[in-house]
Structures are given as structure tokens and as C-alpha cells.
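Below is one structure, written out as C-alpha cells; the observations come after it.
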Protein chains: 2
Amino acid sequence: MTTGPQFQPVQPVRAYERIVEQVEDALASGDLVPGQRLPSERELVAQFAVSRSTVREALRVLESNGVVRSRPGDPNGPEILPFSQSALRKQMVRLARVDELTLSELIGFRMIMDGAAIQVASRLRTPEELDELEETLVAMRAAIDVDFDAFSQADLAFHELIARISRNSLIQTCNEVVRGVVLSLISDKIAHAPNSRALMLESLHHHADVVDAIRTGNGHAAARLARQNMYDYYGGYVPDSEQETLRALVED
Amino acid sequence: MTTGPQFQPVQPVRAYERIVEQVEDALASGDLVPGQRLPSERELVAQFAVSRSTVREALRVLESNGVVRSRPGDPNGPEILPFSQSALRKQMVRLARVDELTLSELIGFRMIMDGAAIQVASRLRTPEELDELEETLVAMRAAIDVDFDAFSQADLAFHELIARISRNSLIQTCNEVVRGVVLSLISDKIAHAPNSRALMLESLHHHADVVDAIRTGNGHAAARLARQNMYDYYGGYVPDSEQETLRALVED
DNA sequence: ACCTGCGACTGGTCTGACCAGTGGACTAGG
DNA sequence: CCTAGTCCACTGGTCAGACCAGTCGCAGGT
């Protein structure tokens, strides 16, 4: 075996790919910001010196990735969209549907992220933010009397607040995305559970315990409670064969 | 305010979108499985009764989502790809690039994920996997004598192994993505640091401590060591104003 | 049996055309 | 002067047809 230069496999680069690349680079470097408009398709044809088919294929890819949106008749051209979690979530849902991501992986991920966020939050929170947390608890209590959707909404508000207090938007985004995926997988089962109301009440009490721990600044205990809460809430929907990993997360 | 029926905003559905939908549905229902081939573009034109431009836009979207791959000249037509997390990874990289994440957010995220992965791994690891971990330590030691890139490579192998042992591919994917982003931001600083070799040696010793903790099954201690290690290794590159959140993660 | 060269296909790109719809400019009416 | 209505240039969506470079399979020669 001769050890010559490391050649890379070469695959053809299509014209539309280089257009996508240019647009994404412009976005990453800040030359293009959300809200701005791209030139019209026919104008892009001139700028990139390609045909309209090629421009359109590039636009379709960008649109599918949630980068731009085209609307017919709009004289301003395609719009640069603000970053949205929908594309990220779409990919996760796809993987979850084909069992490439198991429910226990998703829930385990949430236990970790949410627990960590709560731990950090209990250290960084201001008195005002503690008040906000109490308010979300009140809202959750009220939502129980409406329906599961309302409770789910209030629960989301709680976790969004936690993520915000933890000062880490990456945790926040990941949490929201995975939360959405998990709910899309099992929300119907929870909503139709005969003891749905009891579950919601129990979850509320767990949340209140977490807030108590946050108030005393005991981040470790708060995180532990949060993980336990999530395990109690979702663990029943995880097949027995996958329970082990989740339990490893609950126990310290 | 009258509470009439909840109308949804209606946006036009484009022809290529319905093609994408049909293909994805066929995939979800199992009518189409990875490895199978789609008919050629001109055949799809006939089957969907649309123009080739429309078929091609659909194929570009599917290709961008990692569902199919077209190769020119292939008489078998576009190939249905096995499910992979590469599309998910692509979206996460986009998130990291666009969402203006601070270095402390990225590092904090890694401290959490890696710590959690190590904690779970110390519980679930088999004796064989423990051996594998020891081997990666040896590889890291050898890589120090080569250069920083080699060490970085060996370090990656260690963390990949940890993520695999933790039986959670979502953690693994997130870890790899964020690790790549962090390194792209500061790897040059680390590589050109005058005490680069000392840093690598120190990191190696920390990794060895982590493996020791894993061997004894003390997941909590292992995770704590891992977070401390990452803080020591990367913390110096984080501006003082963002140090607080990272310290909140190191201390329990 | 193996190699070789041809040809029928593939996807990638281009051109040019038509349509329905949008939104800004322009105009008629207040 | 301002407003309300009309109109039209232009948008994106789709289509048809063409050419090219490249690939694969097969027939025919060795």
C-alpha cells in the first residue's frame, strides 16, 4: 500500500447547489438578514448567470429548509425568513417516525436538558423571575379546568420561562423542539387517558415542588425533581426494553 | 367579537409539494423502503402528470431532506436513501450559525450533554465497552505526539464512544454538532497556544479520571469531572461576562 | 472467456412561453 | 386636497421542448 496524497471522492457540484451555498453564506455572514428580500427570480437569473430552472431549484431547497419564502405576485421577491424551529423539528419527527429515534431517547434528552436548565436557572434567577414562575403555576392550575391542550400550553410556558432564565437559548430551542416531537407522538394517548385530570394535577404539584427548590437555590434538588417529574409523566409510554436508560437518568 | 368557526389561513399548495408529500407518505407507510429506486424523471412526469420542472423541484426538495439521491446516467433512477441524521445535523448547524449563539451557550450545552452522557454511560456500559474506553485513552496519548488535529480526532472518538454507550443517538448527534461548531470558533487559538501540549496532556489526564469514575460506576462523579474538564479546557476562551452560567454548571 | 465500443438511456441545464394572481401607480370622483 | 376604484406591469407557478455530458448494459469482436 502506497501512502500517496489523500484524494477525496469527487462528486459533481450542481449549479443550484452553489446558489444555495451563496445565499446561506450571505445569511451566515450577515450580508442578508431576515426580513430582507431576495431579487426576483428573473433578476437572480441575471445575477447568477443561470437559467430560471436552476434558480428555482435553489429557491425550492432554500424554501424547504425554512430559509426563504416565495409568494406569487409579490413584487418584492422572496422573503428571507427569521430562523424557525420548524425545519429542525421536521427532521426530528421524520427520524422518530421511522424508529431511528426512539421515544426513550427523546424523553431522555428532555430529562437531561430540562434538568440542566432548571439547575442553572435556580442559580441565576432574579426575584422577579421567581415571581414569574409562580404565575405560570397559577396559569397551569387554571388550565387544568379547561382541557389538555390548555394545560399543555401552560406547561410549555413554564418550560420556556425556565429556559429563558437559564440564559441559554440553545437549551431552550432544543427543549422546545424535542418537546414538540414527543407530544406529537403521544399527546393523543395522554389526552384520552381516563385519568387525564389526575395526571395533570400530579404534574402541577411536581412543578410546584421544583419551583420551591428553585426558590431555596437548591439547583441539584430542583433538577432531580424535574427529571423525576418527567419520568413519572412520560415514562409509562416508553416500552419496557427502553426503561433502563431513563431510570439511569432519574437516579443520581 | 364574534366567535365563529376557526378559519385557517389558506396558502396555495404547489404541485411539487404534493409530489413530495406522496413520496414521503409512501416512505412512512412502508410502500417505499431505502435502497429502492424511484422511476426516472421522465417516467415520473408521466405518472404524476406534471412537467419535468415540477418533478425536478420535488426531487430537489427530497434530496435536500436526505430522502433520495439522484445520479446522472443511472438507469435505475433516484435512490431511496437509508434514514440518516445528516439532515438533522444540517439544521442544527444552521441553528448554531444563524441564532447568534454565544460561546458560553455552546460550551455550556456541551458540558450538560457530555456530562449527562457520561453519567448514563457509567451505568449502562458493558465490560467490553470499558475496554474500548481505555483504548481511546491510549490513542489520545499517542496523538499528543503528532499534532493538535490528531489529538482533536482522538478526543472526538472518545466522546463518540461515550455517546454510543449512553444509548442515545440524539445526545450523540447534538454533541458532535456543537463540538464541531465550538472547535470551528476557537480551535486555532488552542492549536497556537504556547502551552498547547500541556493543555492536551492535562485534558488526557482528566479523561483518564473520568474513565476511572466510570469503571467504579460512580456516574455522578464522572459527570462532574467531565464538566470540570471541559470548563478548564474551554472556559478560558469565554468572556468574563458569560463565565457565571458556566460556573453554575460545574458546581452542583 | 474477456475486452471493447456503441447506443439508449440518465440527470443537469437552458430557452421561451403562458397563466393567475399581486400590488403599486394612476385616474376619476369626492 | 384626499379617497376609491381601475388598470397594468410584474410576480411566481407551470409547462413543453431541446441539448449536453455522462453512465450503464449489451452486442460483437478478440
Side-chain angles (χ1 to χ4, degrees), chain A residues 7-24 26-27 32 34-81 87, chain B residues 7-24 26-27 32 34-82:
Chain A
F7 291 122
Q8 298 290 328
V10 44
Q11 65 261 38
V13 177
R14 283 159 286 191
Y16 86 87
E17 287 178 327
R18 264 176 294 162
I19 297 182
V20 169
E21 196 183 352
Q22 282 198 47
V23 173
E24 296 205 317
L27 205 68
L32 233 44
Q36 259 189 305
R37 300 308 189 103
L38 246 38
S40 76
E41 292 185 0
R42 287 166 177 86
E43 176 62 26
L44 290 172
V45 165
Q47 289 193 26
F48 286 113
V50 295
S51 75
R52 193 145 90 98
S53 336
T54 303
V55 166
R56 281 181 60 77
E57 289 183 15
L59 286 175
R60 289 296 81 75
V61 170
L62 290 169
E63 193 161 332
S64 152
N65 288 348
V67 178
V68 305
R69 180 183 50 191
S70 295
R71 274 187 320 131
D74 188 337
N76 297 319
E79 182 183 1
I80 305 283
L81 296 177
Chain B
F7 292 122
Q8 298 291 328
V10 45
Q11 65 261 39
V13 177
R14 283 160 287 191
Y16 86 87
E17 286 178 328
R18 264 176 292 162
I19 297 182
V20 170
E21 198 183 352
Q22 282 197 48
V23 173
E24 296 205 318
L27 208 69
L32 234 44
Q36 260 190 305
R37 301 307 188 105
L38 248 37
S40 76
E41 293 185 358
R42 287 165 177 88
E43 177 63 27
L44 290 172
V45 165
Q47 288 193 25
F48 286 113
V50 295
S51 75
R52 193 145 90 99
S53 333
T54 304
V55 166
R56 281 182 60 78
E57 288 183 15
L59 285 176
R60 289 295 81 76
V61 170
L62 289 170
E63 193 161 332
S64 152
N65 287 349
V67 178
V68 305
R69 182 183 48 190
S70 295
R71 273 188 321 131
D74 189 337
N76 297 318
E79 181 183 1
I80 305 283
L81 295 177

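Below, read A as the first sequence line, B as the second, and so on, with proteins coming before strands; counting in each chain starts at 1. The analysis underlying the following values was restricted to heavy atoms, covering all of them including side chains, and did not include hydrogens, waters or symmetry mates.
Using a 4.0 Å cut-off on heavy atoms, the residues of residues 13-22 of chain B that approach DNA chain D are B:R14, B:A15, listed by number. Of all the residues in residues 40-56 of chain A, A:S40, A:E41, A:R42, A:R52, A:R56 reach under 4.0 Å from DNA chain D with at least one non-hydrogen atom. Across residues 61-78 of chain A, A:R71, A:P72, A:G73, A:P75 each have a non-hydrogen atom less than 4.0 Å from an atom of DNA chain C (numbered order).
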Evaluate A:E43 against A:L38 for side-chain contact (heavy atoms from CB on, under 4.5 Å), listing each step before the verdict. CA-CA 9 Å; A:E43 176 62 26; A:L38 246 38; over 6 Å; no
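Using a 4.5 Å heavy-atom cutoff, the side chains of A:L81 and A:E63 are not in contact. Under the 4.5 Å side-chain criterion, counting only non-hydrogen atoms from C-beta, B:I19 is not in contact with B:V61. Considering only heavy atoms from C-beta on, B:D74 comes within 4.5 Å of B:R37 through its side chain.
A:R60 comes within 4.0 angstrom of sugar-phosphate atoms only, judged by non-hydrogen atoms across all strands, and of no base.
Scored by the side chain to side chain donor-acceptor pair (under 3.5 Å) test, A:S64 finds B:N65 as partners (sequence neighbours excluded). Looking at residues two or more places apart in sequence or on another chain, you find a side chain to side chain contact (heavy atoms under 4.5 Å, CB included) between A:S53 and A:S51.
Ion pairing of A:E57 with A:R60 is absent here, as no side-chain N (NZ or NE/NH1/NH2) approaches a carboxylate O to less than 4.0 Å.
The outermost nucleotides of DNA chain C lying under 4.0 Å from heavy atoms of chain B, listed 5' to 3', are C:dT10 to C:dT13.
Shortest non-hydrogen contact noted between B:A15 and B:T54 is CB-CG2, 3.7 Å. Nearest heavy-atom pair across A:L27 and A:L32 is CD1-O, 3.4 Å.
Note that CZ of B:R69 is 5.0 Å distant from CD of B:E79, once rounded to the nearest 0.5 Å. One finds the CZ atom of A:R56 at 13.0 Å from the CZ atom of B:R56 (value rounded to the nearest 0.5 Å). Atom CG of B:L59 sits about 5.0 Å away from atom OG of B:S70, to the nearest 0.5 Å.
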